[in-house]
Amino acid sequence: MSNHTSPSTPSVAKGAPATMNLLDTAAANGSFKTFGKAIEQAGLADALRATGPYTVFAPTDAAFDKLPAGKLERLMKPENKEELAGILNYHVVKGSQSAATLGKWDSARTLQGQSAPIKMADGKCSVDGAFVTQADIASSNGVIHAIDKVNLPIELAPADAPAAKPVPTKQ
């Protein structure tokens, strides 16, 4: 594996040209209802409808179901909008990156500011411990990769959970 990190020049995920933006593509998929509601609640909908391009590691509804009891409800309250936005921005990377490209990286700098570690094992790509369950869902302004857990940035990880160590990146 190379010591490659997110490049400043985005590459484009291959596939048929898509006409829907990231948010509409996620909604049409049917597996991202909670993600879409969280994006709206956090005030990030316009960003995911904008030009981009972005790579979104979108937790599926099943991934949100794995959060501790009450966590999602607490995050969706208006007074926790900033925390929710930070968590969701930890799932977004600038540029449209295919799963094949991501599999060659050690980390990706997220819009939240931290780098998320990327690993490839047995042909499966994981981002900060979340496995990509559906890759390369094309949209007009980027690509979505469905993941099986909600990733929490280091400062937001529960105290009893092992936190991901920051991965140095070259800018």
**Q.** Set of residues satisfying side-chain hydrogen bond (donor to acceptor under 3.5 Å, both in side chains) with respect to Ser126, sequence neighbours excluded
**A.** none
**Q.** Donor-acceptor contact below 3.5 Å, side chain Gln112 vs main chain Pro153
**A.** no
Q: Measure the OG1-NZ distance between Thr110 and Lys94 for me, rounded to the nearest 0.5 Å.
A: 11.0 Å
Q.
If the test is side-chain contact (heavy atoms from CB on, under 4.5 Å), which one of Thr60, Val56, Asn29, Ile147 qualifies with Phe35?
A. Val56
Q.
Please report the interatomic distance NZ(Lys119) to CG(Asp106), rounded to the nearest 0.5 Å.
A. 9.5 Å
(Q) Is any side-chain heavy atom of Cys125 closer than 4.5 Å to one of Ile118? (A) yes
Q | Atom pair OG1/NZ of Thr133 and Lys124 - distance to nearest 0.5 Å | A | 8.5 Å
Q: Could you tell me which residues satisfy side chain to side chain contact (heavy atoms under 4.5 Å, CB included) with Lys33, sequence neighbours excluded, listed by chain and number?
A: Asp61
Q. Any link between Leu75 and Leu111 through a network of hydrophobic side chains (Ile, Leu, Val, Met, Phe, Trp, Tyr) touching at under 4.5 Å?
A. yes
Q. Any sub-3.5 Å donor-acceptor pair from Asn151's side-chain atoms to His91's backbone N or O?
A. no
Q. Could you give all pairs that pass the side chain to side chain donor-acceptor pair (under 3.5 Å) test and reach residues 42-59, with sequence neighbours left out?
A. Glu40-Arg49
Q) Hey, are the side chains of Leu102 and Met120 touching, using non-hydrogen atoms and a 4.5 Å cut-off? A) no
Q) Going by the salt bridge (charged side-chain N to carboxylate O under 4.0 Å, His left out) test, which pairs reach into residues 20-29, not counting sequence neighbours? A) none
Q) How far does CG of Leu23 sit from CD1 of Ile39, to the nearest 0.5 angstrom? A) 7.0 Å
**Q.** Pair listing, ring-ring contact (aromatic ring centres under 6.0 Å, His included) test, anchored in residues 56-83, at least two apart
**A.** Phe57-His145
Q. For Met76, which residues count as a side chain to side chain contact (heavy atoms under 4.5 Å, CB included) partner, sequence neighbours excluded?
A. Lys37, Ala38, Gln41, Leu72, Leu84
Q. Considering residues at least two apart in sequence or located in another chain, which fulfil the side chain to side chain contact (heavy atoms under 4.5 Å, CB included) criterion with Ala26?
A. Phe32, Ile144
(Q) A side-chain contact here means heavy atoms from C-beta on lying under 4.5 Å apart; do Val150 and Lys66 qualify? (A) no
**Q.** For Ser140, all residues meeting side chain to side chain contact (heavy atoms under 4.5 Å, CB included), sequence neighbours excluded
**A.** Asn21
